[in-house]
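Encoded as structure tokens, the structure appears first; notes follow it.
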Amino acid sequence: MDSTLLIAIGAGITVLLILILLFRIQAFIALLISSIVVGIIAGMDPYVIIETIQKGMGNTLGFVAVVVGLGAMFGAILEHSGGAEAVASFLLKHFKEKGTSWALMLTGFFIAIPVFFDVAFIILVPMIYSLQRKSKKSLLIYAIPLLAGLAITHSFIPPTPGPVAVADILNADLGWVIVFGFIVGIPTAIFSGPLFAKYIAKRIHIDAPALIEKIKTTDEKRPSVGMIFAIIGLPIVLIVCNTVLNSPIGEDWVSQTLKDWMKMIGHPFFALILANLIAWYLLGVRRGTSLKTLQMITAKSLGPAGIIILLTGAGGVFKQMLIETGTGTMLADYFKEMGLGIFAVAFILAALVRMLQGSATVAMITAAGVVASLLKTDPLGAMDTALLVIAIASGASILSHVNDSGFWLVSKYLGMTEKETFKSWTMMTTILALVGITTVGLLSLIV
């Protein structure tokens, strides 16, 4: 093994963690600096390092910027219309009392597809307060399933930013990522959601806060649930159809003309533009929202999206630097000698970065950059590459603790001490990660 390249990758990751943890430098700049450190130590020509930064950033943002931007605007319109509360109310109404946990899990699972995790949780938390006040049970019996559904979809299923970014860095087919995200997500949600909630609620009793914020919309003012599901499902169905029809599965039973059209209609760009236009009209204009308000809502949503886009671009730079220096080839040979499979390597890398610096997004992008460099020497098929995205997402979800903003969000809104948050939220994220990677491993034996 080339000791210089090993030092380069070690120094790059060390610098990344020091800049984020010690100096509190924004992860976007930290990733760029870490990439430069790798290039310098690996012996690259100075200007080639700059060219590699430009190449890595450009290659990544061409896809991610469009998808994340469109997804953010779509979610903002849905949030403003009261669609999230409509779905939650519908599911709670049609599940009996014993099935409330399952209804909340499904609510989180579907709502987090278009709406960011923290926004969706804040929107829906008054609902679980209300349920706790009526039942007098521990708030965790309702909160954990909701959080599990939100966290799994946010990490596993495009068009949420994390899996979109990782899929782009690994050149994974977004349709297969969606399919396997659902397949892996279902058992993961069950174990980390309702089943764990039943266990932990018996051991930690949490009451809802005395003063709660009322939900702003009534049932009469909310859009219909069927409409919400249709609008959310449209881009997902189009993307998956494109993947299936243009795979060996659709080789014989559809015409080439249909396949060609489906490549455009089922591309994430077109599918999300269409979903945005439909949401703009059905959830905005037709319901009396002014065009000026809609413009303001969508413009505001691009603020947080911009941070994710830049961060993803910096992750692409890190990946490109590992490829150009040959570090990826060296690591691939090293892991083969150790007998570690690529799914295990991806999970462990993402988990380590997640535990050390807190951000799931940074963990996913950092791990994806390293793993993408390994794929240059040992490429995978389309289905295995999609499963690799889920393996990274699983590792990046593990052991949320005090260096993760999600830890404090959950602790604050549920009124828990740090110890109680560790026993409930942190344990839930760990179960989520372990069930996720286990399911990925089983599926990899089949596909």
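All residue numbers in this chain count up from 1 along the given sequence.
When all heavy atoms of Ser81 and Pro223 are compared, the closest pair comes out as O-CD, 3.1 Å. Nearest approach of Ser400 to Thr429, heavy atoms of both residues: N-OG1, 3.1 Å. When all heavy atoms of Ala148 and Ala189 are compared, the closest pair comes out as CB-O, 4.4 Å.
Other residues, nucleotides and ligands contribute only 12 or fewer heavy atoms inside 6.0 Å of the OH atom of Tyr199. When the shell of 6.0 Å around CZ of Phe191 is examined, it contains 12 or fewer heavy atoms from other residues, nucleotides or ligands.
Atom OG1 in Thr426 sits 6.5 Å away from atom CG in Leu399 (nearest 0.5 Å). Between atom CG of residue Leu31 and atom CG of residue Leu310 there is a gap of 11.5 Å, rounded to the nearest 0.5 Å. Atoms CD1 and CG, on Ile144 and Leu195 in that order, are 12.5 Å from each other to the nearest 0.5 Å. Atom CD1 of Ile431 is separated from atom OG1 of Thr188 by 11.0 Å, given to the nearest 0.5 angstrom.
Note on ring orientation: taking the six-membered ring where Trp is involved, the planes of His401 and Phe422 are parallel (angle under 30°, cut-offs 30° and 60°). Using cut-offs of 30° and 60° on the angle between ring planes, the pair Phe117 and His154 is tilted.
When side chains are defined from C-beta on, Ser101 does not count as touching Lys198, because their heavy atoms never get closer than 4.5 Å. Met57 places a side-chain heavy atom less than 4.5 Å from the side chain of Leu32. Within the 4.5 Å cutoff, the side chain of Phe180 has no heavy atoms near those of the Val440 side chain. The shortest side-chain heavy-atom distance between Ile128 and Leu139 falls under the 4.5 Å cut-off. Side-chain contact check for Tyr281 versus Ile77: every heavy-atom pair is 4.5 Å or farther apart. Put simply, the side chain of Ile265 does not reach to within 4.5 Å of the side chain of Asn242, judged on heavy atoms. No side-chain heavy atom of Leu146 sits under 4.5 Å from any side-chain heavy atom of Tyr142.
Taking the six-membered ring where the residue is Trp, the centroids of Phe182 and Phe156 are separated by 6.0 Å or more.
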Legend entry - Audit row: Ile200, Met427, side-chain contact (heavy atoms from CB on, under 4.5 Å) steps and yes/no: CA-CA 10 Å; Ile200 197 65; Met427 186 57 65; over 6 Å; no
